[in-house]
Amino acid sequence: MGKTLFDKIWDSHVVVSKPGFPDAVYINTHFIHEVTSPQAFDGLRKRGIPVFRTAKTRATADHNVPTIDQHLPIKEALSRKQVEMLTTNTKEFGVELYGLGHPYQGIVHVIGPELGITLPGMTIVCGDSHTSTHGAFGAIAFGIGTSEVEQVLATQCILQYRPKRMKIEVNGKLKKGVVSKDIILYIISKISASGATGYFVEYAGEAIRSLSMEARMTICNMSIEMGARGGLIAPDETTFEYIKGREFAPKGADWDKALAYWKTLYTDADAAFDEVLTFDAADIEPMITYGTNPGMGIGVTQHIPTLESLEDKEKPSFRKSLDYMGLEPGAGLLGKKVDYVFIGSCTNSRIEDLRMVADFVKGKKKAEDVVVWIVPGSKQVEAQAKKEGIDKIFEEAGFNLRQPGCSACLGMNEDKVPAGMYCISTSNRNFEGRQGPNARTFLASPLSAAAAAITGKVTDVRELV
Ligand SMILES: CC(C)[C@H](C(=O)O)[C@@H](O)C(=O)O
Ligand code: SF4
């Protein structure tokens, strides 16, 4: 019987495998950021162990960085300390750091792919749940905890049980105004925020195949939001085209050799999955979440479920969630006023996202009482946006183009949404307090967020495109 893509990659990275024990899996690339690395480096220091493969380890500062005046000292004491610790640790252990001011600095899941560090067939880890993003290249990429960060720093291997395999097929074509963010929000709304727990997902089908690399990254990024260990997409011409010529991508004869290997990375026709789910792209409309987990999503024209439609055991948490959001069961969201628009995060802060928003808002102005933050995912995205004049379009629309970082995706830096305010956000989590204490988050696509920026309310973007 044939193998799934996941198994092909996993099997070629297993160093030791014993029945009843986790496999020891070799890791090709280990990304590091300021939040989950300090204790890991402390552990090495205490045990007098060096970083085993410094060249396979890359660090960036993203979570705690401010997104304005990055040349000035960081104001928040805790954030400043985190970023300083990363600088000290990477220096001491000889790890390359793309810190503030570096032309490669940015959100860890944006810079890996754009620099050509993330490649098909790799195993990639980071002390960060959205490491699943890198799976878009046909890599096994997943988030790990701080003690595992220490394990990988020390050995370049990780102990892991092999997850189950799920295939999610999205067939057919997307309708106008519907983009990859809507696909993944739709899938999660159908299977719930825990629907893929214990699985590693492979996304397939015409609607996935026809996506650009950046759009595929948006899908894989949110795999974790349905409980999956990670998600991946078999590499194809779109993938190879994207990688070619990037800073750290293989060149010359190395490229030819790599390409020949990458072309073997697909799921065999007779391979078996533990679970297969199928969706039709034509059923998907622009999505928006109404609750406090990413599974609480609806099509923008639909209504929040009524209490009667739920099982008794679901009612208390549903009620609590809607109370937090200041919303009523059964209500529609169209026309609901928004206060903030956040376009950024490792889900949607790449150049295509910014281009999509710029194309849409060109010549339009934001609604008066809405604050619009556009936060590029990296210095390179920021530079490209300026080169293309996208910054001017945003300025004319009244949008605030900031500097790269995680920003308002989570309240770990200065960019917080004030209590009680509604923010339509292109990020991946709408948890209570995620964007700031008592801030209320609607997750949506960059297009839907841009539409809300112009009208000042939740809007069906299809009426404006
Ligand atoms: C801070 C980090 C550990 C965390 C994660 O693991 O995902 C963050 O990136 C997030 O998105 O919540
Ligand atoms: S942008 Fe958000 S989701 Fe992505 S790594 Fe940063 S905090 Fe986590």
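Whatever order the structure lists ligands and atoms in, that order sets their numbers, starting from 1.
In terms of protein heavy-atom proximity, atom 6 (Fe) of ligand 2 is closest to C406 SG, 2.3 Å. The protein atom (non-hydrogen) at minimum distance from atom 8 (C) of ligand 1 is H63 NE2, 3.4 Å. Considering only non-hydrogen protein atoms, atom 5 (C) of ligand 1 sits nearest to S129 OG, 3.3 Å. Atom 2 (Fe) of ligand 2 has its closest protein heavy atom at C409 SG, 2.3 Å.
Under the 6.0 Å cut-off for aromatic ring centres, F442 and Y290 do not qualify, their centroids lying 6.0 Å or more apart.
A salt bridge does not link K392 to E395: none of the charged side-chain nitrogens sits closer than 4.0 Å to a carboxylate oxygen. Salt bridge annotation for E275-R165: absent, with no cationic side-chain nitrogen under 4.0 angstrom from a carboxylate oxygen. Salt bridge status for R246 with E241: absent, with no side-chain N to carboxylate O gap under 4.0 Å. Salt-bridge formation is detected for the pair D415/R402: a Lys NZ or Arg NE/NH1/NH2 atom is positioned less than 4.0 Å from an Asp or Glu carboxylate oxygen. Taking the charged nitrogens against the carboxylate oxygens, R45 and D42 do have a contact shorter than 4.0 Å, which makes a salt bridge. Salt-bridge annotation for R355 and D353: absent, with no side-chain N of the basic residue lying under 4.0 Å from a carboxylate O of the acidic one.
Every atom of ligand 1 with a heavy atom of H130 under 4.0 Å away is listed here by number and element: 7 (O), 11 (O). The ligand atoms of ligand 1 that sit less than 4.0 angstrom from a heavy atom of R429 are 7 (O), 10 (C), 11 (O), 12 (O). Using a 4.0 Å cut-off to heavy atoms of N428, the atoms of ligand 2 that qualify are 3 (S). Under a 4.0 Å criterion applied to the non-hydrogen atoms of L410, ligand 2 contributes the atoms 7 (S). When each atom of ligand 2 is checked for a heavy atom of H130 under 4.0 Å away, the hits are 3 (S), 8 (Fe). The distance from ligand 1 to the heavy atoms of T36 drops below 4.0 Å at these ligand atoms: 3 (C).
Put simply, the side chain of S194 never gets that close to the backbone of G227: no donor and acceptor are under 3.5 Å apart.
Residue M412 does not touch ligand 2, judged by heavy-atom distances below 4.0 Å. Contacts of V108 with ligand 2, taken as heavy-atom pairs under 4.0 Å, are absent altogether. Both the backbone and the side chain of D128 come within contact range of ligand 1, each with a heavy atom under 4.0 Å. Residue contacts with ligand 1, taken as heavy atom pairs separated by less than 4.0 Å, involve R434 solely via side-chain atoms from C-beta onward.
Taking the ring centre of F360 as origin, the terminal cationic atom of K364 falls inside the region bounded by 6.0 Å and 45° from the ring axis. Geometric assessment of R58 against the ring of F248 yields a positive cation-pi assignment under the 6.0 Å and 45° thresholds.
Taking the six-membered ring for Trp and thresholds of 30 and 60 degrees, Y26 and H13 have nearly parallel ring planes, at less than 30 degrees apart.
Not a single heavy atom of E225 sits closer than 4.0 Å to an atom of ligand 2.
Ligand 1 has no nitrogen or oxygen under 3.5 angstrom from a nitrogen or oxygen of N428.
At a cut-off of 2.8 Å, C346 coordinates atom 4 (Fe) of ligand 2 through an N, O or S atom.
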